[in-house]
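Not measured: the values here are computed from a predicted model.
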Amino acid sequence: MTRTLQGTPAADGFRMPGEFESHAGCWMLWPERPDNWREAARPAQTAFAQVAAAIAQFEPLTMGVSGTHYAAACALLPADVRVVEMAHDDCWMRDVGPTCVVNRRGTVRGVDWHFNAWGGLAGGLYFPWDQDELVARKVLACEGLARYRAPIVNEGGAIHVDGAGTALVTEECLLNPNRNPTLTRAALEAQLRAYLGVTQVIWLGRGVVNDETGGHIDNLACFVRPGEVCLTWTDRRRDPQHAVSRDAWERLRDARDARGRRLKVTRLPMPGPLFLREREARGIVPLEGSRARRAGERLAASYVNFYIANRGIVMPLLDARTDRLAAQRLKRLFPGRRVVGVPAREILLGGGNIHCITQQVPAGTRTRSPSAS
C-alpha cells in the first residue's frame, strides 16, 4: 500500500520536473487487447519490447504485465527489464501511470489523476477502464512513493512542463466537456498549478489531426529544456495539420514562460500523412465498448512523441522519407544524448507512440515515509 497525502504538491513545495531531468527509471505496460492491437497484439508486443530494450540502455525499465501474458513477455523482453504482474485495461502508461513530483530535498511523490479512457461514456475509447484507474496507485506502491489523489480527470500525455514553472497544454483536450465538464479554464489552471507546481500555463489550440486522445500536447509539442520547445510541423498548406501547427507556432511565439522569457521553437517534420492499411485493419478483433478501427483512417503520426531518457532519446521511426531528418534535428536539440530510433508503426496503429507508452520516475531521495520529507 502507498499512503495517500492530504493537501497538494505545490502547497507542500513539490513540482513536476522536466522530462529532460535525471530519472530513477521508466515504467511501461504490455499491450494485450485484440480490439486495439492487431493479430492478438503480437506485432505490438515486439515493438514494445524493442522500445523497452532501447530505454533500458539508459535507465532501469519496469514492464507491467497481466498474469496471462507474464511468461510470454519475459521471453520477449531483455533480461535487465524488470517485469511486474499488473492488471490493466490497455497499455498507455503515460496516461494511466502517476505523474511524479519532487521537492528541493529530492523527495519524490506521485500524482494520481482520475482516468476515464479519454472521454468516459461521451467519447472514451473503451469500457470498462477500472483496472487502468488503479495503475498509478500500484506503480507508486511498487516504487514506495507517497500519493496525491488529484480531483480532476487528466492524463500524463495532456501535460508537458519545463520543470521551471511552465506547463504546456491544449484547449482541445483539457477544455473538452468529456473530461471535467463543470470546470472553467481558470479552474483547470488552478488545479494544474496546485498539482504540477507550475505558475504559468501556456494554452495551445488543437492537437495533431485525428488524435483519438482528444488533442494531447505530447503529440504536438514538448519542452526540450526551459525556454525551448519543439513542434510538429508540415509545410503542406492543404494538409489540415498545417493550420493546427501554424496556430500553435503563433501562440508559442507570443507566449512567455514562468520567467518571462520568449520561447525558442524548433519545428520537427511531420511524417506521412500515414493511414491505416486494409491488411492491418483486418487483424483487429472488434469488441463492444471499444473504438472501431477502419482501413483508410488517418493516423496521428508525430516525431514529437519521443521519450527523453538519461543520456538518450528514444524516437519513433515512422516514415523512411522523414525519419533521418527528424533524427538529425533531435540530435541537434539534444547534443549530450544518443538518439536511438525504434520502428514504431505498430504502436501508432494503436493510437499513440513512444511517449504515450512510457512514464518516467524522476531521480531523488526516495522515501517510503511522507513524514521523512
Tyr307: partners by side-chain hydrogen bond (donor to acceptor under 3.5 Å, both in side chains), with sequence neighbours left out: His23, Glu59

Between Arg109 and Leu145, is there a donor-acceptor pair closer than 3.5 Å when you use the side chain of the first and the backbone of the second? no

Quick check: is Val84 connected to Leu61 through a chain of hydrophobic side chains (ILVMFWY, heavy atoms under 4.5 Å apart)? yes

Under a 3.5 Å threshold, yes or no: a donor from one side chain and an acceptor from the other, between Asp235 and Trp233? yes

Side chains of Tyr195 and Asn154: do they bring a donor and an acceptor to under 3.5 Å? no

Could you tell me whether a side-chain N or O of Asn116 sits under 3.5 Å from a main-chain N or O of Asn178, the two making a donor and an acceptor? yes

In terms of hydrophobic clustering (I, L, V, M, F, W, Y; side-chain heavy atoms under 4.5 Å; direct or indirect links), are Val339 and Phe58 co-clustered? no

Between Asp95 and Trp118, is any side-chain donor less than 3.5 angstrom from a side-chain acceptor? yes

Which residues pass the side-chain hydrogen bond (donor to acceptor under 3.5 Å, both in side chains) test with Arg256, not counting sequence neighbours? none

Distance only, no hydrogens: is a donor on one side chain within 3.5 Å (strictly under) of an acceptor on the other, for Asn353 and Tyr303? no

Do Phe334 and Leu263 share a hydrophobic cluster, counting only Ile, Leu, Val, Met, Phe, Trp and Tyr and linking them when any side-chain heavy atoms are less than 4.5 Å apart? yes

Short side-chain to backbone donor-acceptor contact, Arg33 and Asp89, under 3.5 Å: yes

Same cluster or not: are Val208 and Ile202 linked, directly or through other Ile, Leu, Val, Met, Phe, Trp or Tyr residues, by side-chain heavy atoms under 4.5 angstrom apart? yes

With no hydrogens and no angle check, do the side chains of Arg147 and Thr2 hold a donor and an acceptor under 3.5 Å apart? no

Applying side-chain contact (heavy atoms from CB on, under 4.5 Å), name anything that partners Arg293, two or more places apart in sequence or on another chain. Asn36, Glu212, Leu276, Ile284, Arg291, Glu297

Is a side-chain donor-acceptor pair under 3.5 Å present for His216 with Arg94? no

Results of side-chain contact (heavy atoms from CB on, under 4.5 Å) for Pro240 - residues two or more places apart only: Val209, Arg298

Return the set of residues passing side-chain contact (heavy atoms from CB on, under 4.5 Å) with Glu32 (not counting sequence neighbours), or none when no residue passes. Trp30, Val65, Ser66, His69, His88

When you measure from the side chain of Glu21 to the backbone N and O of Gly18, does any donor-acceptor pair fall under 3.5 Å? yes

Are the charged groups of Arg259 and Asp257 less than 4.0 angstrom apart, N to O? no

Short side-chain donor-acceptor distance under 3.5 Å, Asp35 and Ser290: yes

When rounded to the nearest 0.5 angstrom, what is the spacing between CD1 in Ile55 and CD1 in Ile357? 7.0 Å

Under a 3.5 Å distance rule, please check whether Asp323 uses its side chain to pair with a backbone N or O of Asp319 as donor and acceptor. yes

Would a distance-only check, ignoring hydrogens and angles, find a side-chain to backbone donor-acceptor pair under 3.5 Å from Ser245 to His242? no

Has the side chain of Ser302 got a donor or acceptor atom that lies under 3.5 Å from a matching backbone atom of Asn219? yes

Just do the ring-ring contact (aromatic ring centres under 6.0 Å, His included) check on Trp113 and Phe115 with the steps written out, would you? CA-CA 6 Å; Trp113 310 100; Phe115 179 74; over 10 Å; no

For Phe48 and Trp37, run ring-ring contact (aromatic ring centres under 6.0 Å, His included): C-alpha distance rounded to whole Å, both residues' side-chain angles, the deciding distance at 0.1 Å, then the answer. CA-CA 12 Å; Phe48 275 56; Trp37 305 101; 5.7 Å; yes

For the side chain of Glu280 and the backbone of Arg277, is there at least one donor-acceptor N/O pair under 3.5 Å apart? yes

Can you pull the side chain to side chain donor-acceptor pair (under 3.5 Å) pairs that have at least one residue in residues 179-190, sequence neighbours excluded? Glu155-Arg179, Glu171-Arg185, Glu189-Arg193, Glu189-Trp203

So, Arg338 side chain and Val314 main chain: donor-acceptor pair closer than 3.5 Å or not? no

Drop me the distance from Arg137's CZ to Cys142's SG, to the nearest 0.5 angstrom. 13.0 Å

